[in-house]
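Quick notes on the structure that follows.
The structure displayed is predicted, hence computed values, not measured ones. Below, chains carry the letters A, B, ... as their sequence lines are ordered, and counting in each starts from 1. As a basis for the values below, the full set of heavy atoms in this structure was taken, side chains included, without hydrogen atoms, waters or symmetry mates.
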Number of protein chains: 2
Amino acid sequence: MDWGREAQHRLQDIATLSAPGAGVTRFPFTQEHADARDKISQWMNAAGLKTRLDAACTLIGRREGPPGSPTFLIGSHQDSVLGGGAYDGIMGVALGCLALEKLAADGITLPFAVEVLAFADEEGVRFPTALIGPRALAGTLDDRVLDMCDQDGVTLAGALNSAGGDAAAIAKIARSRSDILGYLEAHIEQGPLLESEDLPLGIVTGICGIERNTVTFTGATGHAGTVPMNLRQDALVAAAHLIAEVDRLAATDPNIRATVGRIENHPNVVNGIPREVTVTVEIRGTDDAIRQRFAGELKSFCAEISCNRRIDVSFERTYEQTAVSCDEGFRKLLAGACEAEGIAPRELPSGATHDASAMADLCPIAMLFTRCRGGISHSPEEFATDADMGQTVTVMARFLQDLAAHIADQPEPAQAAR
Amino acid sequence: MDWGREAQHRLQDIATLSAPGAGVTRFPFTQEHADARDKISQWMNAAGLKTRLDAACTLIGRREGPPGSPTFLIGSHQDSVLGGGAYDGIMGVALGCLALEKLAADGITLPFAVEVLAFADEEGVRFPTALIGPRALAGTLDDRVLDMCDQDGVTLAGALNSAGGDAAAIAKIARSRSDILGYLEAHIEQGPLLESEDLPLGIVTGICGIERNTVTFTGATGHAGTVPMNLRQDALVAAAHLIAEVDRLAATDPNIRATVGRIENHPNVVNGIPREVTVTVEIRGTDDAIRQRFAGELKSFCAEISCNRRIDVSFERTYEQTAVSCDEGFRKLLAGACEAEGIAPRELPSGATHDASAMADLCPIAMLFTRCRGGISHSPEEFATDADMGQTVTVMARFLQDLAAHIADQPEPAQAAR
């Protein structure tokens with residue numbers, strides 16, 4: 001079996017289960033979602049997994065292990081953004097099923113149970129929340145999100161129940177930490193690093209913490225022809241200095257990614273000196289302390305600008321999410337699996353959030369990134385090759401085998417890889 | 001007579017002739033314009049001037065000189081922007097009338113004819129053109145502008161004719177260069193320089209040349225969390241470096257005013273690396289060669305950015321207007337008049353265009369700037385004090401006297417002050 005080719009075939013097939021429009025649009029708890037679950041059930045069955053739907057509408061395929069053995073989880077999400085691609089999320093489900101199908105085909109049994117999880121909603125596009133599937137399993141779901149509504153006024157609880165879930169039972173599906181060995185997720189990289197280094201896949205070190213800040217510079221407008229340069233309080237010039245500094249400072253630390261993505265300028269006319277400029281500064285990093293120190297340095301920089309340029313600056317954090325580390329033991333096993341397959345083990349951070357972020361509250365996590373063309377995601381242009389997906393399947397399967405071997409060498413299996 | 005107080009009174013009075021809304025809105029060839037002309041005729045009559053309307057709807061008040069003597073012109077415009085102030089334009093007309101009224105009150109006759117010109121349209125808000133009054137006098141009006149329409153579909157020719165002008169006769173009203181001694185215009189500064197130096201008025205060295213450029217930076221977008229800093233082609237960072245450089249470089253030359261007033265960013269989202277940024281770069285300077293060299297330096301800077309940051313940059317000039325110099329001899333006479341009135345003679349460039357820009361094609365020009373509060377113009381907040389306007393009237397009157405004396409000393413009057 002050419003696992004990569006099969007993955008490509010399955011992903012192109014399930015991509016047709018989409019709302020109308022360019023690319024893939026598959027929101028949670030819709031008809032497309034129900035159709036996709038049928039398709040994924042077939043993949044699970046082909047891998048010898050027994051399927052069921054949990055209260056949070058996560059489709060679960062399970063193969064039992066020896067009596068009393070713990071469970072290892074593999075998962076990702078089935079949903080897409082509006083007009084998204086055929087790989088983000090769903091690829092991890094497909095490759096998880098294929099990795100287990102490959103082990104079965106190779107006649108390998110594992111000393112633990114395995115499950116593939118197809119989560120309903122990671123993108124958070126339909127409801128103003130996300131990750132309810134993994135949060136329910138981790139026991140960290142805040143019940144209040146069930147009352148949130150989509151733009152048609154449908155509550156999350158209502159949508160969940162109508163799709164076969166059971167909002168009232170969600171609290172009961174939290175897994176016991178001692179039963180779960182770990183969680184592995186494969187995902188497209190959504191960035192250009194692997195492509196730039198000509199590598200099929202990479203091992204994720206952790207999922208970045210994120211903070212978003214809104215910085216507003218207030219100066220004074222005036223006629224572009226009549227106000228001498230030395231009497232100006234040009235808010236856009238002040239903002240430009242910050243934008244350049246964000247880029248300069250972030251480049252000094254490989255753990256940091258910082259971006260001014262949004263800018264609004266007033267009055268924004270060719271012959272008017274800018275009076276007020278608002279920018280967003282998003283900072284991501286796998287080390288929360290480094291990220292926070294970075295933000296502090298930018299704040300000091302803004303204070304200098306304010307003083308030197310007679311510009312009022314407000315710097316406000318509007319969002320924060322802490323970093324999550326991938327398990328050291330799992331990372332070593334994945335590196336070994338790569339080497340065994342002739343792939344240089346390349347570690348890289350995840351700048352984006354994933355289901356694994358929430359699963360980290362339940363168990364040790366691991367992630368693999370598969371190279372994607374041009375680093376593009378959330379677009380109909382998303383693409384991963386047969387070969388790269390095939391190698392990801394192989395590394396996942398070998399990781400499970402190596403984990404089994406590793407556990408066999410250890411007195412305490414559940415803690416072994418931590 | 002307190003000339004400043006009288007100026008204030010007249011300007012507050014004529015400010016009531018406005019379309020509804022905050023501030024003053026007096027567009028050309030409207031009922032407000034007709035009403036304003038009646039008011040200005042009274043001012044002219046009080047100064048002993050005989051009034052008439054020319055084909056371009058310029059209201060002219062004239063006092064004859066000795067037979068065969070040349071004519072000196074004083075002028076400004078009656079119109080305002082939408083929701084403008086009570087001083088921009090109309091103040092020059094009021095102060096011109098008062099300067100002549102003062103000379104008459106002081107029993108001073110001049111050895112030349114004088115005219116006060118109240119031009120119809122300098123702001124160019126109603127029609128996509130402006131300065132038809134002074135261009136008609138200078139013989140530089142392009143006939144084709146008469147076919148331009150306002151937003152109601154009224155042609156400029158139609159509006160002009162309905163307001164008492166005569167579009168067909170415009171070509172005939174060009175003045176003979178040998179008949180005109182010069183042109184003097186008083187205007188609010190529209191900038192903060194005089195206020196910052198505590199001076200009531202200043203002498204304009206010239207009217208800046210202007211160029212406008214559109215600079216577009218094209219890089220590549222990507223996820224703010226997944227693209228490492230060193231692989232980014234962030235168009236906003238590139239633009240920020242230019243914005244900072246425009247400011248830095250302009251501050252090194254007092255003749256230059258350069259402004260990035262407008263910025264557009266795509267996709268302009270908090271977690272997306274900016275792909276394409278377009279900014280406007282407006283450059284003004286009294287020396288065209290210096291301005292063009294400045295633009296050239298910015299272009300070179302952009303070429304460096306393009307190379308260092310793998311960003312495509314296009315730098316296109318969308319507009320250019322050359323600089324106009326104020327007459328050296330007139331500037332000396334104005335400086336002498338200031339000194340005689342105990343005012344430090346401060347020279348400064350005009351960053352904005354004025355009626356004088358077009359009059360420069362007919363005759364030597366001079367301009368005075370009157371301090372305005374906060375440097376504010378084109379706003380209901382526009383304000384000039386009684387005292388500053390009074391001093392401007394006095395300097396204008398003394399300038400005319402000194403010009404008369406100067407001419408008497410010279411064999412060739414019309415060239416004397418050039």
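- Between chain A and the options B:S379, B:A238, B:G285, B:A258, the largest number of non-hydrogen pairs under 4.5 Å is found for B:A258.
- The residue among A:R212, A:H378, A:H266, A:R248 with the most heavy atom pairs within less than 4.5 Å of chain B is A:R212.
- When the candidates B:A220, B:A224, B:A244, B:G191 are compared by the number of heavy-atom contacts under 4.5 Å with chain A, B:A224 comes out ahead.
- Interface remark: of the candidates A:N265, A:I263, A:T280, A:I263 forms the most heavy-atom pairs closer than 4.5 Å to chain B.
- Atom-to-atom distance recorded for B:D234:CG and A:T259:OG1 is 7.0 Å, nearest 0.5 angstrom.
- Interface remark: B:V269 contributes backbone atoms only to the contact with chain A (heavy atom separation under 4.5 Å).
- Among A:R309, A:H241, A:R232, the one residue that satisfies the side chain to side chain donor-acceptor pair (under 3.5 Å) test with B:D247 is A:R309.
- The heavy-atom pair separating A:T226 from B:P192 by the smallest distance is O-CD, 3.8 Å.
- Interface remark: A:Q190 contributes backbone and side-chain atoms alike to the contact with chain B (heavy atom separation under 4.5 Å).
- For A:L236, the parts sitting under 4.5 Å from any heavy atom of chain B are the backbone and the side chain alike.
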Exercise for the section: Any chance you could lay out the side-chain contact (heavy atoms from CB on, under 4.5 Å) test for B:N268 and A:E264, step after step, and finish with the verdict? Expected result: CA-CA 9 Å; B:N268 210 34; A:E264 298 297 337; 3.2 Å; yes

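- A side-chain contact (heavy atoms from CB on, under 4.5 Å) with A:H223 is found for one member of B:R284, B:E189, B:R257 and no other, namely B:R284.
- When all heavy atoms of B:P274 and A:V260 are compared, the pair lying nearest together is CG-O, 3.4 Å.
- Neither the backbone nor the side chain of B:I376 comes within less than 4.5 Å of any heavy atom in chain A.
- Each of A:N271, A:I273, A:N230 has some count of heavy-atom pairs under 4.5 Å with chain B, and the biggest count is that of A:N271.
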